[in-house]
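Protein chains get the first letters and strands the later ones, always in sequence-line order, with residue 1 at the start of each.
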Amino acid sequence: MPIELPKQYDPKDVQPRWIEFWQKQHLFDANPNPAKKPHTIMIPLPNVTGALHMGHALNGTLQDLITRWRRMQGYEALWMPGTDHAGIATQAVVERRMLEEERKTRHDIGRESLVKRIWKWKNEYEVRILNQLKQLGASCDWRRTRFTLDDVCSAAVRKTFFKMFKDGFIFRGKRLVNWDAYLQTAVADDEVFHETVKGHFWTFTYPVAGTNETIAFSTTRPETMLGDTAVAVHPADERYAHLVGKMVRLPLDGREVPIIADAILVDRNLGTGVVKVTPAHDPNDYACGQRHKLQMINILNPDGTLNENASRWQGLDRYEARKQVVAEMEKLGHLVKIEDRDIEVAHSDRSKTPIEPYLSDQWFVKMETLAENAMNAVRTGKVRFYPGRYTKTYLDWLGEKRDWCISRQLWWGHRIPVWKHSLPSDPQLVQKLGDLDATIEKIRRAGDPAAKIEELLAARDALVGDSISVRSGFMAAKYGDDVAAQRIVDEKTGEMVILVCVQGDRPSVEADLNKFGFTQDPDVLDTWFSSALWPHATLGWPDETHNPPLNGEPDPSGHGKNTVLPYFYPGSVLITSRDIITLWVARMVITGLYNMGDVPFKHVHVHPKILDGFGQTMSKSKGNGVDPMDLFDKYGVDAVRFTITSFAGENQDVRLPVGYECPHCGDVIPQSLEHQTAKPGGGAKPRVKCPKCKNQSQFSSPWFEPDPGELVARVVSERFEYGRNFCNKLWNASRFAMLNLEGYSPGPIAESDLMLEDRWILSRLATTAKTINNQLGEYQFDAATRALRDFTWNEFCDWYVEMIKPRLRDPDRRPAAQRMLVGVLDTLLRLLSPFTPFLCEELWQRLGEIAPQRGLLEPQPAASACMIAAWPALPDGWRDSSLESRFERLQEIIVAVRNVRAMYRIEDKVELALHVRCQPDVAVQLNDVAGQFENLAKTVLKGVGLDVSRPGTSASFSLNDADGFIPLEGVVDREAELARQKKEAEKIRGFITGHQRKLSNESFVAKAPPEVVDQVRETLAGLEKQLASVADVVKQLGGD
RNA sequence: GGUCGCUUAGCUCAGUUGGUUAGAGCGCCACGUUGACAUCGUGGAGGUCACUGGUUCGAGUCCAGUAGCGACCACCA
């Protein structure tokens, strides 16, 4: 009994079944297997801030595609899933929501309670994100799902921090940071965006002390005058040369500060050529302050109000202070003018509030050597970028070697594992302790008996009393390698500060520290610190004795060793988007080299970004993110995968115009910028109005969930019809095959049974398979997708399937045709499986019911699942270019006949006759396939050979090596045919002229490669012959 | 400001080391539903390859410049 498939592919019926099947069969699991080569991809961990959008769908599809391809090739393919706690981003989302809904800030509810709320948010979105990936068909080893704050990742963070601390790569420093006064935290340079706002440009004067002169300067932030510690001019500026070295008196608080000369800070052609210098609140001024050893006065409190350094303006918000300071200066007669000006103001990407440059204590990673190593890894080709141009982005950024500020004044994240304690300022004591510590360390390193150390420690204790061996931070003797210490001097108080870093979770050590008055640093680490460790942390590093847990349970399979890490590390390829080459990719290379001594991955593929219909990148903050689930629902997962894969080329971002499908009438309403930014105002959800049926509906948006029970206008995009139509085409080709497999018996296909079309499709199949393989190896996803579509649609369906139909109806030739058909389909499904896994699995399983044994050219038992079937490797010997060109001639003739038929509006049921004038060898070949003219063009090949002449009233066409005539008694319109032929002749003449011009150009003949010249001659000869035939026909028709 | 891309048919995009007549999908026009598929078939129309100059026998392709668009980095007292 033939299996009857529905006429249309129904993805919703298919997808859930195979997700479950694959999972149950453990086909996504990857375990160390010495018999196989590993292939490892680490997911670019999505933030738990919100649901995934199309950018993630593309990223996920490409990773899945490569993973599935490698798995079929026989690799032990691991795709490691997980999510990122995304420190600032997540805390900001939760805080913002809390403020909007409850009018509360984190300070109202406290650290513990806020963190609890964030965990709740995280749990919700993690589930949602992982589910989106599962729906996509992502073949991740879900047992290994990690989260950057889980125990496994935390252990790696603690270990890395400790190691860097001990090795001196982590240090405490005062730096000018981007201060977010709303969130009260430093934010990274990367988390700052600039926005033009309307502002003012004030010009003031300062009186020069001891003279009658004043000096004029301009600023956009007058309140920072309270923190001025100098006024700078250009050293070569004659206008001010006599003032350098003098002092100015600040009218606001009466302080006197020097006039200095600084060629770097000052551009004498700008404004008045004078710059006020506020080292604590401006990056350039800070650098200048360092050069001139200026005092640095911080005038801000963490919340953006002015502090005790702001004299009588203390306590005011900085913007209020600005107004009052300006008024005061005006009152004192020091305001010269106010201009309106557009000012680019730095804003925090997280809170959207203006950034204040702010001097504060932060933790840093020293980048000098770490960056150099990471650069070398790329320079030497240990890590390779695809496309290669991104190498420059990476190297340029690392080349700056800017120290990495890793502390954040947040509550959500990895707490910095450092405890500190201050000792009173006493230079003598510090000196003595230092000497003693040095001695102890020397002895310890030399491996001398502990007793000796104890003695020295006792001496230390005697110096300052009360277990100072602990307090001093010199804890190695007591805790061995579990602790490391640094000693710094607080600039402000002059106190000696002991910083103790504890390796891993050591409750007893922490208890001791607390006992001796140490307090843990309240800050948390930059989220990139933990994500930088992702490639080795997820594999269990630094645990050498256990495999990382599976589904949260211990994995005993390592038998006392971590076998997972050495097997899967280093990874094979990282597939990501270009905006995190610096933030993430570079840092993973750094930590990989530092912790593992090897790069984290060999290739980095950077794929395009998906833009909206207006050319903007998709992001949550723009509100233009498209939920892939809407599209899965409308077009099916495979269609979405296939379509976005076809986008993924090497150099262009992809524009994806979308619309909303009206739930009332089905009309599509194009998305506008208003739709993207529409948010619920006063509780009511925004609606979109359908111009056709005039109904209004709520619509999909990243900003809000539509109300339950509402009819929702979902996102659609006609671009996905490309994928949907393709899936349906393959579905129906398979349907055709299955309908024609009745009586199928497996068996080898004899060479002698192979017809021209069989050899042709094998040749094309072998070529296509090889092409795809090469393209995937170069991450040319768009090309691979096109090649597969073209083969499937234009070769397999349009020609092969059509050509074997007669044989399937002929009992004698049917068995071989069936074997060929099912064999080709089998191979095709395997080639397509990484691209459209659900469709292929469904068809594979159904095919398995009818033809469990199949293959080219020998039958084999089919694999139990398409996704683990062997990747096709077809013999090179099947590729036959001369056969392919013979086949092309057949195609050309058939197209020409169809053309004539269309031209003269001759119905398909009317049979035509065809006469072909050609060389004897061509005649033999055409006679061999005579049946195909009947089959594909309803045309009988009447005469063929050199002696064929044009029958009376006939339409004709001319090919390179054949002229065709189709007698059309009473149908041919002589005038029309004449016009057609004349037009054809004109066209050929045009080409001929072009070729002749080339050949008559002496330098072309002399300088072009001989084979090129020969080719032109050959083509010209062919064209001339063709023209002669056409001219002959024109003559017969009575033309000239 | 620096860097890297992009500009090819109405739309979205391919175009491998320069070499016959520049391609695809969608859309458009005409015709077609007896058996895989109208999410389809057959045929067709549609492009001075952003602009200017250069290299070359030959440029969509290489080089320089101009304009527009985008991304990343840095920065605007």
Side-chain angles (χ1 to χ4, degrees), chain A residues 5 7-9 189-190 194 201 217-221 224 232 265-267 270-278 282-285 288 343-344 346 387 389-390 392-393 396-397 400 578-579 581-582 608-609 611 615-617 635 639 643 646-647 649-657 718-719 721-740 778 780 782-783 786 789-790 794 797-798 801-802 805 895 898-903 905 907-909 937 987-988 990-991 994-995 998 1001-1009 1011-1013 1015-1016 1018-1020 1022-1023:
Chain A
L5 262 60
K7 282 196 174 188
Q8 283 185 7
Y9 172 52
D189 291 344
D190 339 299
H194 291 82
F201 194 60
F217 60 89
S218 302
T219 179
T220 57
R221 293 186 297 154
T224 60
L265 181 67
V266 181
D267 178 346
L270 271 182
T272 62
V274 180
V275 181
K276 67 188 224 35
V277 186
T278 324
D282 181 277
N284 294 317
D285 293 5
C288 173
I343 299 167
E344 288 280 304
R389 72 186 120 95
Y390 291 109
K392 191 168 159 48
T393 308
D396 285 355
W397 187 80
E400 292 184 27
R578 79 176 91 86
D579 38 10
I581 290 173
T582 54
K609 303 187 74 164
L611 313 177
Q616 315 177 93
T617 53
Y635 304 99
T643 306
S646 79
F647 293 162
E650 289 198 326
N651 38 27
Q652 242 179 165
D653 288 342
V654 180
R655 227 172 241 243
L656 183 66
E718 62 179 23
R719 299 203 59 186
E721 290 171 14
Y722 176 81
R724 184 198 56 185
N725 295 356
F726 174 77
C727 289
N728 197 55
K729 188 72 179 175
L730 181 69
W731 176 264
N732 274 292
S734 306
R735 179 172 184 265
F736 169 81
M738 292 181 209
L739 286 170
N740 284 281
E778 299 281 316
Q780 293 168 358
D782 58 336
R786 260 198 314 277
R789 185 192 183 277
D790 288 349
N794 304 342
C797 292
D798 286 354
V801 167
E802 292 304 324
K805 280 180 178 174
V895 167
R898 286 172 178 168
N899 191 333
V900 166
R901 195 185 278 278
M903 175 84 191
R905 304 274 155 83
E907 286 180 50
D908 284 351
K909 48 188 145 186
K987 201 167 136 196
I988 298 171
F991 302 151
H995 284 66
K998 263 193 178 175
N1001 181 342
E1002 280 173 32
S1003 43
F1004 171 72
V1005 181
K1007 293 184 183 173
E1011 62 270 22
V1012 172
V1013 178
Q1015 201 186 11
V1016 172
E1018 202 178 303
T1019 311
L1020 180 61
L1023 285 167

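- When the nucleotides B/A14, B/C73, B/U20 are ranked by their closest atom to the side chain of A/T1019, B/U20 comes out on top.
- Taking only side-chain atoms of A/D282, from C-beta outward, the nucleotide of B/U39, B/C76, B/C37 with the closest atom is B/C76.
- Among B/U42, B/C40, B/C26, the nucleotide with an atom closest to any side-chain atom of A/K729 is B/C40.
- The side chain of A/R389 lies closest to B/G5 when the candidates are B/G5, B/A36, B/G41.
- Of the listed nucleotides (B/C13, B/U39, B/U21), B/U39 has the atom at the smallest distance from the side chain of A/R724.
- Atom C1' of B/C51 sits at a distance of 14 Å from the matching atom of B/U8, rounded to the whole Å.
- Between B/C6 and B/C13, the distance separating the two P atoms is 13 Å to the nearest Å.
- Atom P of B/A50 sits at a distance of 13 Å from the matching atom of B/G10, rounded to the whole Å.
- Distances shorter than 4.0 Å separate some side-chain N or O of A/N725 from OP1 or OP2 on B/C40.
- When base pairs are accepted only as Watson-Crick or G-U wobble with both N-N or N-O distances under 3.5 Å, RNA chain B takes part in stems of 3 or more pairs at B:1-7 with B:67-73, B:10-13 with B:23-26, B:28-32 with B:40-44, B:50-54 with B:62-66.
- Spacing of P atoms, B/U7 relative to B/G44, comes out at 29 Å, to the nearest Å.
- At whole-Å resolution of the value, NZ in A/K7 and C1' in B/U33 are 9 Å apart.
- B/A59 and B/A74: their C1' atoms are spaced 37 Å apart (whole Å).
- Backbone-only engagement by A/R905 is indicated by non-hydrogen atom pairs under 4.0 Å involving sugar-phosphate atoms exclusively.
- When the nucleotides B/C76, B/C57, B/C26 are ranked by their closest atom to the side chain of A/P1009, B/C57 comes out on top.
- Rounded to whole Å, atom C1' of B/G2 lies 9 Å from atom CG of A/D396.
- Here the closest non-hydrogen pair linking A/L1023 and A/I988 is O-CG2, 3.5 Å.
- Distance from the side chain of A/R735 is smallest for B/C37 among the nucleotides B/U3, B/C73, B/C37.
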Starting from the C-alpha separation in whole Å, work towards a yes-or-no answer on side chain to side chain contact (heavy atoms under 4.5 Å, CB included) for A/K805 and A/V801.
-> CA-CA 6 Å; A/K805 280 180 178 174; A/V801 167; 4.3 Å; yes
Using the side chain to side chain contact (heavy atoms under 4.5 Å, CB included) rule, take A/D282 and A/T224 through it: C-alpha gap first, then chi angles, then the decisive distance, then the call.
-> CA-CA 9 Å; A/D282 181 277; A/T224 60; over 6 Å; no
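- Spacing between B/A22 and B/U39 at atom P, rounded to whole Å, works out to 34 Å.
- Looking at heavy-atom distances under 4.0 Å, A/E721 makes no contact with the nucleic acid at all.
- Shown here are the side chain to side chain contact (heavy atoms under 4.5 Å, CB included) partners of A/R719, two or more places apart in sequence or in another chain: A/F647, A/V654, A/L656, A/P657, A/S717.
- Distance check on atom P: B/U42 versus B/C37 gives 14 Å, rounded to whole Å.
- Side chain A/Q780 to base B/A14: no donor-acceptor pair is found below 3.5 Å.
- Annotation: of the two residues near RNA chain B, A/K1007 and A/V654, the 5′-most nearest-nucleotide partner is A/V654.
- At least one side-chain nitrogen or oxygen of A/K805 sits closer than 4.0 Å to the OP1 or OP2 atom of B/A36.
- Each of B/A36, B/U3, B/U39 was ranked by its minimum atom distance to the side chain of A/V801; first place goes to B/A36.
- Nearest to the side chain of A/N284, among B/C4, B/C76, B/C57, sits B/C76.
- In this structure, CG of A/L265 is placed 13 Å from C1' of B/C75, rounded to the nearest angstrom.
- Between A/V1012 and A/F1004 the shortest side-chain heavy-atom distance falls below 4.5 Å.
- Atom CD of A/E1002 has 12 or fewer heavy atoms from other residues, nucleotides or ligands within 6.0 Å.
- Heavy atoms only, all atoms of each residue included: A/C727 and A/A639 are closest at SG-N, 3.9 Å.
- Taking only side-chain atoms of A/K609, from C-beta outward, the nucleotide of B/C72, B/A36, B/U21 with the closest atom is B/C72.
- Comparing the C1' positions of B/G46 and B/U52 gives an interatomic distance of 28 Å, to the nearest angstrom.
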Show your working on salt bridge (Lys or Arg N to Asp or Glu O under 4.0 Å) between A/R578 and A/D653 and close with a plain yes or no.
-> CA-CA 11 Å; A/R578 79 176 91 86; A/D653 288 342; 2.5 Å; yes
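- Residue A/N899 has a polar side-chain atom (N or O) positioned under 4.0 Å from OP1 or OP2 of B/G44.
- Here B/C26 presents its C1' atom at 11 Å from OH of A/Y722, a figure rounded to the nearest Å.
- Mapping A/E400 and A/P283 onto RNA chain B via the closest heavy atom, the residue that lands nearer the 5' end is A/E400.
- Side chain of A/T643 to backbone of A/G723: a donor-acceptor contact under 3.5 angstrom is found.
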